[in-house]
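In what follows, every chain begins at residue 1, and chains take the letters A, B, ... in the order their sequences are listed. Every heavy atom of this structure was used, including side-chain atoms; hydrogens, water molecules and symmetry mates were not.
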There are 2 protein chains.
Amino acid sequence: MPKVGMEPIRRQQLINATMAAIDEVGLAETTVMRIARHAGVSAGIISHYFGGKDGLLEATMRQILTDLSGAVAVRRYALEDDSPRAHIGAIIEGNFDRTQVTGPAAKTWLAFWASSMHKPMLQRLQNVNDRRLYSNLCHQFRRVMPRVEARNAARGLAAMIDGLWLRGALTPEGLDAEEARYLAHTYLDQLFAHHGCTNKASNIYL
Amino acid sequence: MPKVGMEPIRRQQLINATMAAIDEVGLAETTVMRIARHAGVSAGIISHYFGGKDGLLEATMRQILTDLSGAVAVRRYALEDDSPRAHIGAIIEGNFDRTQVTGPAAKTWLAFWASSMHKPMLQRLQNVNDRRLYSNLCHQFRRVMPRVEARNAARGLAAMIDGLWLRGALTPEGLDAEEARYLAHTYLDQLFAHHGCTNKASNIYL
DNA sequence: TTTTATTGATTGAACGTTCAATAAAAAAAT
DNA sequence: ATTTTTTTATTGAACGTTCAATCAATAAAA
């Protein structure tokens with residue numbers, strides 16, 4: 001049933017099928033045939049549209065990272081309040097967005113994280129994303145803290161977000177997004193409160 | 001040069017070689033031949049001592065988990081101070097022990113973490129370890145907090161520890177153990193302080 | 001009729017496992 | 001002490017399987 005203009009449709013189909021396959025059996029046992037079956041097409045089509053399996057995997061990771069940035073960006077642009085607290089809150093919310101946290105995307109992400117240790121291209125993508133999260137956090141914290149404290153707050157919160165993600169992906173029942181958000185926000189409260197308590201600026205940032 | 005009593009030596013050699021191989025090229029490209037080459041033996045020996053590649057991988061994960069429990073246990077038994085703070089501090093220190101955090105072990109662990117999502121046996125091992133960390137933390141926090149707060153503190157700290165680990169394993173330069181410890185301890189301070197501030201018990205736990 | 005999209009059998013490479021052969025040490029016999 | 005036998009440890013070539021990639025054939029739309 002070949003019609004004209006199939007390319008974007010097939011590409012999206014195959015990316016979704018890749019996540020479904022990784023969710024189902026893990027990256028190690030994700031073969032081109034399994035992906036193709038999920039998408040309802042033949043195996044050969046993958047090389048045709050993505051140049052090969054690696055190309056499809058890379059495109060899939062790109063999509064996940066793009067979706068994540070989008071989820072954060074949407075929330076930050078929608079803010080009425082321009083306070084550091086509001087921005088950081090939006091970053092937390094974006095990172096625990098439904099589409100990111102739900103089954104396939106979460107497991108696919110963790111699989112790519114592990115894989116990125118030894119695949120330069122994936123490592124590059126993951127690094128760019130990491131740095132953006134860190135520098136966004138750092139920039140906001142710097143509005144209310146000295147540099148060193150802001151740096152540590154950013155690193156701590158980034159670690160907490162990743163840790164909640166990791167534990168969520170590994171839990172058979174999946175991530176409890178509500179609880180993860182609660183823990184992250186509570187930590188954020190503590191970072192602000194702690195800074196307030198040990199500093200003459202006191203409570204004006206609460 | 002076959003001598004008698006080679007079994008424990010070879011087993012350890014092969015487990016170490018497995019970590020070296022995973023550190024070098026990642027789990028996906030770790031073949032029995034590569035492991036054997038690292039250990040200076042032939043490929044066939046793996047099936048002889050571990051029944052196959054999977055057996056060796058499982059034994060390797062077991063060793064990593066055992067080493068980690070050991071690093072924590074040693075520090076807890078050595079405590080002079082029996083306070084919750086001291087116990088939790090020891091758990092943090094154990095989790096960032098040199099042997100755990102250094103190159104091969106860290107990358108191997110992350111690789112197994114990801115892999116455990118779809119391999120029941122690895123999942124079981126990882127679950128047991130997870131639960132022990134959580135329940136140890138929870139038990140100590142409960143000595144100074146109500147149940148719900150203790151539960152959240154335990155989950156938050158566990159997430160922070162895992163997050164620092166994860167980010168350390170992914171960083172090309174490896175985990176900066178000193179900074180990780182500092183961030184975890186600072187978070188612990190905040191958990192205690194926060195509880196103190198919002199509670200009549202005030203500062204007695206600082 | 002031409003163009004675009006898709007198929008699926010085929011190919012070659014890589015992998016884990018097996019097992020008969022081998023070699024060295026230990027034990028037994030001389 | 002020396003030789004022979006037995007036991008233990010190890011090898012590596014061969015086998016069967018699995019997989020990604022290729023490409024000539026095909027089918028539907030333009």
- Query: Are B:Arg10 and B:His48 close enough that some pair of their side-chain heavy atoms sits under 4.5 Å apart?
  - Reply: no
Please check if the side chain of A:His118 supplies one atom and the backbone of B:Asp23 the other of a donor-acceptor pair under 3.5 Å.
yes
Rounded to whole Å, CZ of A:Arg11 lies from C1' of C:dA5 at a distance of 15 Å
To the nearest angstrom, the CE-P distance between B:Met33 and D:dT10 comes to 18 Å
To the nearest angstrom, the CG-P distance between A:Leu27 and D:dA20 comes to 11 Å
Scanning all shown strands, the Watson-Crick or wobble mate of C:dT4 with both distances under 3.5 Å is D:dA27
Result for 5'-nearest mapping on DNA chain D, choosing between A:Gly44 and A:Glu29, is A:Glu29
When rounded to whole Å, the CG to C1' distance for the pair A:Leu14 and D:dA20 reads 15 Å
- Query: Taking 4.0 angstrom as the limit, do A:Asp97 and A:Arg181 come out as a salt bridge?
  - Reply: no
Ordered by number, residues from residues 47-60 of chain A within less than 4.0 Å of DNA chain C (heavy atoms) are A:His48, A:Tyr49
Per atom distances to the A:Met6 side chain, the nearest of D:dT11, C:dT17, C:dA5 is C:dA5
Do the side chain of A:Trp165 and the main chain of A:Asn95 share a donor and acceptor less than 3.5 angstrom apart?
yes
- Derivation and outcome, side-chain contact (heavy atoms from CB on, under 4.5 Å), residues A:Leu133 and A:Asn129: CA-CA 6 Å; A:Leu133 171 59; A:Asn129 220 66; 6.0 Å; no
A:Ile9 atom CD1 is separated from D:dA29 atom C1', nearest whole Å, by 14 Å
Rounded to whole Å, the CD1-P distance (B:Ile45 to C:dA23) equals 16 Å
| said: It should be established whether A:Arg10 places a side-chain nitrogen or oxygen under 4.0 Å from OP1 or OP2 of nucleotide C:dT6. | reply: yes
| request: Using a 4.5 Å cut-off on heavy atoms from C-beta on, say whether the side chain of A:Asp67 contacts that of A:Gln63. | output: yes
A:Glu7 atom CD is separated from C:dT3 atom P, nearest whole Å, by 19 Å
Quick one: does B:Thr60's side chain get under 4.5 Å of B:Phe50's, heavy atoms only?
no
| query | With sugar-phosphate meaning primed atoms plus P, OP1 and OP2, does B:Ser42 contact a base, only sugar-phosphate, or nothing at under 4.0 Å between heavy atoms? | reply | base
